[in-house]
A.B. asks: 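Following this message is one structure expressed as structure tokens.
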Amino acid sequence: MVENRTFGDRLAYLILTIGVLILAFPVYLTFVASTWDAATIINGQMPLYPGPFFAENYYRTLFIGTAGTTREPVINMMINSFVMAMAIALGKIFISVLSAYAVVYYRFPFRMAAFWLIFLTLMLPVEVRIFPTFKVVADIGFLDTYQGLAVPLIASATGTLLFRQFFMTIPDELLEASKIDGAGPFRFFKDTVLPLSMTTVAALFVIQFIYGWNQYLWPLLITTKDSMQTIVIGIKKMIVTADALTEWQLAMTTAVLAMLPPVAVVILMQRLFVKGLVDQEK
Amino acid sequence: MNKTATFKGYLIPALLLAPQLAITLVFFYWPASQAVWQSFLVQDAFGTSTEFVWFENYKELFSKPDYYKALWNTLVFSTLVTSFSLSIALLLAVMADRQIRGYQVYTTLLIWPYAVAPAIAGVLWMFMFNPSLGIMAKGLRSVGYDWNPLLNGNQAMALVVMAAVWKQISYNFLFFLAGLQAIPKSVIEAATIDGARPMRRFWTIIFPLLSPTTFFLLVVNVVYVFFDTFGIIDTITGGGPSKATETLVYKVYSDGKGGADLGGSAAQSVILLFIVICLTAIQFRYIERKVTY
């Protein structure tokens with residue numbers, strides 16, 4: 001570049017720093033609230049620095065729970081969220097790897113029909129068909145179960161499309177070579193396709209784990225028992241309309257705990273996260 | 001598009017496809033068809049008898065001001081969220097694209113809000129702007145602004161928009177940054193040598209070259225506003241005050257909750273379904289165009 005870049009660079013630092021601070025501020029404030037006591041917050045006198053109640057608040061939230069409506073220790077909610085997120089992520093990878101393998105490596109009647117049947121589900125977000133789906137799950141007897149939380153959400157076109165697209169880039173010569181070596185469909189899948197797909201699998205896992213952990217409307221409808229609550233639902237129930245009854249310090253502690261796992265996943269696996277996000281939209 | 005080397009057989013592919021197809025049929029197509037069917041039915045108050053009424057539910061929907069209000073809210077909401085989150089993200093991405101030292105650290109610090117659940121984002125913003133204890137509400141009042149989103153519909157909408165924008169910036173930032181980094185540096189250098197100043201370079205070269213990304217993000221953001229913001233609205237306002245923040249999706253939920261108006265709710269679902277299909281079709285055309293580049 002031929003220009004003097006100093007001014008522009010300073011401007012860039014300034015704008016980026018402001019951006020980072022604005023994005024971080026709500027979370028910082030939530031963290032601060034999780035280290036004060038209820039009275040300080042309710043008065044609207046909460047300082048902008050952490051207080052002395054960190055250990056107490058986190059201990060009470062995790063292992064005892066709020067006094068109000070939910071009562072459930074948040075550690076249990078986190079376990080529910082974790083099971084749900086893992087089931088959705090792994091389930092989705094499992095069924096979509098299989099279906100993509102069939103669509104790409106086999107020629108059979110109705111192949112394109114099957115593909116379109118899966119592809120069209122891109123257009124059916126759960127919010128659109130929420131009550132009929134609820135009814136189906138209720139009829140099967142999946143209310144208040146992990147299956148009910150996860151199974152309806154694991155079928156969607158994104159995974160299948162992602163793997164299909166990746167399989168198409170695997171050179172045909174590899175399959176021909178495997179065939180000459182006498183490998184059948186299972187060995188080719190296990191020894192060639194799966195090892196090559198590991199990055200795609202990991203990237204999809206990161207995205208789907210976040211997706212599963214953050215689910216709101218679906219668990220809100222199909223869980224009625226406190227013991228089946230996920231953490232994202234739990235926090236909503238802690239905040240009661242009458243402000244005075246809300247134990248804000250515990251609700252904010254729960255919010256921090258609810259953000260921690262998915263945010264950690266994004267930061268620690270940034271490369272995979274970016275790959276998963278960008279690939280999914282190709 | 002098709003592999004030349006494949007395996008033979010029907011049973012194995014059928015078994016491989018079975019899990020996905022079974023789940024898709026049971027939890028996607030069956031409920032979706034139920035929604036269409038229900039939208040033609042009316043149930044009496046006790047749920048004892050149902051009657052097939054053709055388009056009565058739709059007619060009733062479009063005769064109520066409620067539905068137009070939700071439509072209007074959705075329009076306002078998506079316009080505001082999309083334009084703010086896209087422009088802020090573009091500004092940040094252009095700055096990060098200057099390859100200044102530490103820009104990767106900035107990238108990390110800008111993308112994490114993607115991982116925050118919409119419902120949690122709602123709780124965060126509600127806490128900041130809660131009229132009785134929120135720190136921002138206190139600030140607004142101290143400068144003499146009468147802030148109460150629990151009573152004032154426009155303020156409630158503003159709050160929901162802020163939370164939704166806050167959460168969407170990271171996603172848009174990531175795609176804009178990727179788009180910017182794909183623009184060949186030689187093009188920009190050539191313009192610089194020709195004497196084009198940074199602003200001019202941006203509007204005449206970078207922005208037009210970025211338009212496929214922008215268009216793609218536009219569609220994705222509209223879909224985000226329609227569906228993924230449910231959690232934000234539910235935790236911040238619950239659609240209130242007096243339905244000022246009730247969007248189309250939120251109305252499907254609140255009308256159908258407790259089986260109050262299943263037919264009407266189903267009719268709304270079907271209309272939403274139609275909107276999603278249109279949006280997907282637009283996106284699909286974009287993908288096709290990108291391929292022919």
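All figures in this text were calculated on a predicted structure; none of them were measured in a lab.
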A.B. asks: When rounded to the nearest 0.5 angstrom, what is the spacing between CG in A/L16 and OH in B/Y103?
C.D. replies: 11.5 Å
A.B. asks: Based on non-hydrogen pairs under 4.5 Å, which of B/V116, B/L272, B/I88, B/V26 is most in contact with chain A?
C.D. replies: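 Max contact count across the listed options: B/V116.
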A.B. asks: In terms of relative ring orientation, are B/Y253 and A/F131 parallel, tilted or perpendicular, with 30° and 60° separating the classes?
C.D. replies: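 The arrangement is parallel - the two ring planes meet at less than 30°.
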A.B. asks: Is it true that the NZ or CZ of B/K8 lies under 6.0 Å from the centre of A/F108's six-membered ring and within 45 degrees of the ring axis?
C.D. replies: no
A.B. asks: So, do B/L16 and A/Y105 sit near enough that their side-chain heavy atoms are less than 4.5 Å apart?
C.D. replies: no
A.B. asks: Side chain, backbone, both or neither: which part of A/I18 has a non-hydrogen atom closer than 4.5 Å to chain B?
C.D. replies: neither
A.B. asks: Name the region of A/L175, side chain, backbone, both or neither, that has any atom closer than 4.5 Å to a heavy atom of chain B.
C.D. replies: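 Side chain of A/L175 only, per the 4.5 Å heavy-atom cut-off to chain B.
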A.B. asks: Evaluate the criterion side-chain hydrogen bond (donor to acceptor under 3.5 Å, both in side chains) for residue pair B/Y106 and A/T17; output intermediate values, then yes/no.
C.D. replies: CA-CA 8 Å; B/Y106 278 111; A/T17 308; 3.0 Å; yes
A.B. asks: What verdict does the side-chain contact (heavy atoms from CB on, under 4.5 Å) test give for B/Q34 and A/T133, after you've listed the backbone C-alpha separation in whole Å, the side-chain angles of each residue and the deciding distance to 0.1 Å?
C.D. replies: CA-CA 9 Å; B/Q34 284 298 100; A/T133 313; over 6 Å; no
A.B. asks: Please answer whether the main-chain N or O of B/A266 pairs with a side-chain N or O of A/R129 as donor and acceptor at a distance below 3.5 Å.
C.D. replies: no
A.B. asks: Under 3.5 Å, is there a donor-acceptor pair linking the side chains of A/T160 and B/Q20?
C.D. replies: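 Checked: A/T160/B/Q20 side chains pair up, N/O donor to acceptor below 3.5 Å.
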A.B. asks: Donor-acceptor check, side chain of B/Y29 to backbone of A/L117, threshold 3.5 angstrom: yes or no?
C.D. replies: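 Side chain of B/Y29 to backbone of A/L117: a pair is present.
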A.B. asks: Answer whether the closest heavy-atom distance between the side chains of A/V27 and B/W112 falls below 4.5 Å.
C.D. replies: yes
A.B. asks: Need one label for A/L221: side chain, backbone, both or neither, based on atoms under 4.5 Å from any heavy atom in chain B.
C.D. replies: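 The answer is the side chain of A/L221.
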A.B. asks: Do the side chain of A/N214 and the main chain of B/P118 share a donor and acceptor less than 3.5 angstrom apart?
C.D. replies: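 No; zero donor-acceptor contacts below 3.5 Å.
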A.B. asks: Does any heavy atom of chain B fall under 4.5 Å from the side chain of A/F134, the backbone, both, or neither of them?
C.D. replies: neither
